[in-house]
Amino acid sequence: QDKEKLEIRKLNDPPAAETVRDMIKYARNVIEEFRRAKHYKYILFNRFLDYFLPPSELLEICELSLDKMGAVFEDSNVYMLHMMYQAMGVCLYVQDWEGALRYGQKIIRPYSKHYPSYSLNVASMWLKLGRLYMALENRTAGVKALKRAIAIMEVAHGKDHPYISEIKKELEDH
């Protein structure tokens with residue numbers, strides 16, 4: 001699946017091998033930089049210092065990186081997915097439910113291709129999407145997404161797992 005995971009955008013004039021190599025290097029660097037920025041923010045915040053990287057700057061890093069990488073990589077490329085996942089996380093942190101949902105919707109299909117059928121990574125994404133849909137009062141889509149998460153988790157964890165019961169109760173309460 002390496003070819004699918006590292007898919008290059010289909011253009012009339014395909015990028016040169018060197019351009020692709022440079023973009024992979026850029027993607028790895030920006031991902032590492034983002035990890036460091038999150039870690040640095042966490043350390044500073046937990047030491048009660050008054051300076052930390054605001055979420056808006058973290059989201060800006062993600063969006064600028066996605067724009068740059070998107071010129072070469074397809075949305076299903078693992079580097080693009082990683083950055084979209086980070087952007088979704090920042091949106092969730094600042095309670096931008098619509099933004100988080102937009103990123104989650106872009107992520108779910110490639111996740112479903114890249115991961116095994118009963119992957120908890122896919123289940124987790126369906127769970128997030130389901131909760132976002134519910135928060136945004138789209139009950140039909142929310143129920144559908146939560147049921148997909150449950151179906152995967154029942155295979156991965158077993159039907160009697162407490163987490164599954166919790167999600168089913170969540171469905172009943174809505």
Side-chain angles (χ1 to χ4, degrees), residues 4-5 7 9 27 30-31 33-35 37-42 45-46 52-71 73-174:
E4 276 183 24
K5 289 180 180 179
E7 196 166 354
R9 194 164 287 289
V30 79
I31 287 167
E33 210 174 287
F34 190 83
R35 278 192 190 122
K38 276 180 27 180
H39 179 70
Y40 185 63
K41 172 191 167 275
Y42 175 79
F45 186 74
N46 283 324
F52 65 93
L53 201 58
S56 60
E57 286 186 34
L58 289 174
L59 190 56
E60 190 176 343
I61 291 171
C62 294
E63 289 170 347
L64 291 171
S65 300
L66 285 166
D67 285 345
K68 183 171 181 166
M69 291 188 295
F73 298 150
E74 284 292 343
D75 282 352
S76 60
N77 184 293
V78 290
Y79 296 113
M80 293 288 286
L81 289 170
H82 180 84
M83 199 50 65
M84 282 188 254
Y85 186 82
Q86 297 303 320
M88 182 182 184
V90 174
C91 289
L92 289 170
Y93 179 78
V94 299
Q95 299 181 353
D96 173 6
W97 309 137
E98 289 93 357
L101 182 63
R102 274 192 309 277
Y103 284 112
Q105 289 169 327
K106 285 183 173 184
I107 292 169
I108 192 61
R109 186 171 290 130
Y111 262 37
S112 298
K113 280 185 181 177
H114 294 330
Y115 287 109
S117 300
Y118 297 103
S119 167
L120 291 175
N121 291 318
V122 177
S124 173
M125 187 55 63
W126 279 119
L127 183 61
K128 287 176 184 166
L129 286 171
R131 288 177 171 159
L132 285 165
Y133 283 124
M134 292 297 211
L136 293 168
E137 299 180 12
N138 185 343
R139 184 172 173 14
T140 304
V143 167
K144 185 177 176 183
L146 290 173
K147 284 184 175 181
R148 291 185 87 162
I150 290 168
I152 294 169
M153 286 190 265
E154 284 180 339
V155 173
H157 289 308
K159 293 182 187 257
D160 299 330
H161 195 278
Y163 199 48
I164 294 168
S165 303
E166 186 181 308
I167 299 166
K168 284 180 178 177
K169 182 169 179 0
E170 209 175 305
L171 275 171
E172 289 170 13
D173 293 345
H174 279 87

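The two atoms that bring Ala123 and Ile152 nearest to each other are CB-CG2, 3.6 Å, heavy atoms only. Taking all atoms of both residues into account, the shortest heavy-atom contact from Tyr115 to Asn121 is CE2-ND2, 3.0 Å. Contact record, Leu127 with Ile167: CD1-CD1, 3.7 Å, taken as the closest heavy-atom pair. The minimum heavy-atom distance linking Gly158 with Ile164 is given by the pair O-CD1, 3.1 Å.
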Determine, step by step, whether Leu64 and Val30 satisfy the side chain to side chain contact (heavy atoms under 4.5 Å, CB included) criterion, reporting the C-alpha distance in whole Å, the side-chain angles of both residues, the deciding distance to 0.1 Å, and the verdict.
CA-CA 10 Å; Leu64 291 171; Val30 79; over 6 Å; no
The test is side chain to side chain contact (heavy atoms under 4.5 Å, CB included); show your working for Met88 and Lys106 and say whether it passes.
CA-CA 10 Å; Met88 182 182 184; Lys106 285 183 173 184; over 6 Å; no
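Looking at heavy atoms from C-beta onward, Asn77 lies out of side-chain contact with Met69 at the 4.5 angstrom threshold. Here the side chains of Cys91 and Leu59 are in contact, with some heavy-atom distance below 4.5 Å.
The CG atom of Leu132 lies 5.5 Å from the CG atom of Leu92; values are rounded to the nearest 0.5 Å. Interatomic distance, Tyr103 OH to Glu63 CD, rounded to the nearest 0.5 Å: 4.0 Å. Atom CG of Leu120 and atom CE of Met153 lie 7.5 Å apart (nearest 0.5 Å). Atom CZ in Phe73 sits 8.5 Å away from atom CE in Met80 (nearest 0.5 Å). In this structure, Glu154 CD and Asp160 CG are separated by 9.0 Å, a value rounded to the nearest 0.5 Å. Remark: His157 NE2 to Tyr163 OH distance equals 8.5 Å, nearest 0.5 Å.
Within a 6.0 Å radius of CG in Asp173, other residues, nucleotides and ligands contribute more than 12 heavy atoms. Within 6.0 Å of NZ in Lys128 there are more than 12 heavy atoms belonging to other residues, nucleotides or ligands.
By the ring-ring contact (aromatic ring centres under 6.0 Å, His included) test, Tyr85 is found to be paired with no residue, residues two or more places apart in sequence or in another chain being considered. Residues forming a side chain to side chain contact (heavy atoms under 4.5 Å, CB included) with Arg9 (at least two apart in sequence, or on another chain): Leu11, Glu74, Asp75.
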N/O donor-acceptor pairs under 3.5 Å from side chains in residues 133-150, not counting sequence neighbours:
{"from": "Tyr133", "atom 1": "OH", "to": "Gln105", "atom 2": "NE2", "distance (Å)": "2.9"}
{"from": "Asn138", "atom 1": "OD1", "to": "Ala141", "atom 2": "N", "distance (Å)": "3.2"}
{"from": "Arg139", "atom 1": "NE", "to": "His174", "atom 2": "O", "distance (Å)": "3.0"}
{"from": "Arg139", "atom 1": "NH2", "to": "His174", "atom 2": "O", "distance (Å)": "3.2"}

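The backbone N or O of Ser76 sits less than 3.5 Å from a side-chain atom of His114, completing a donor-acceptor pair. Using a distance-only test at 3.5 Å, with no hydrogens or angles considered, a donor-acceptor pair links the side chain of Ser112 to the main chain of Ile108.
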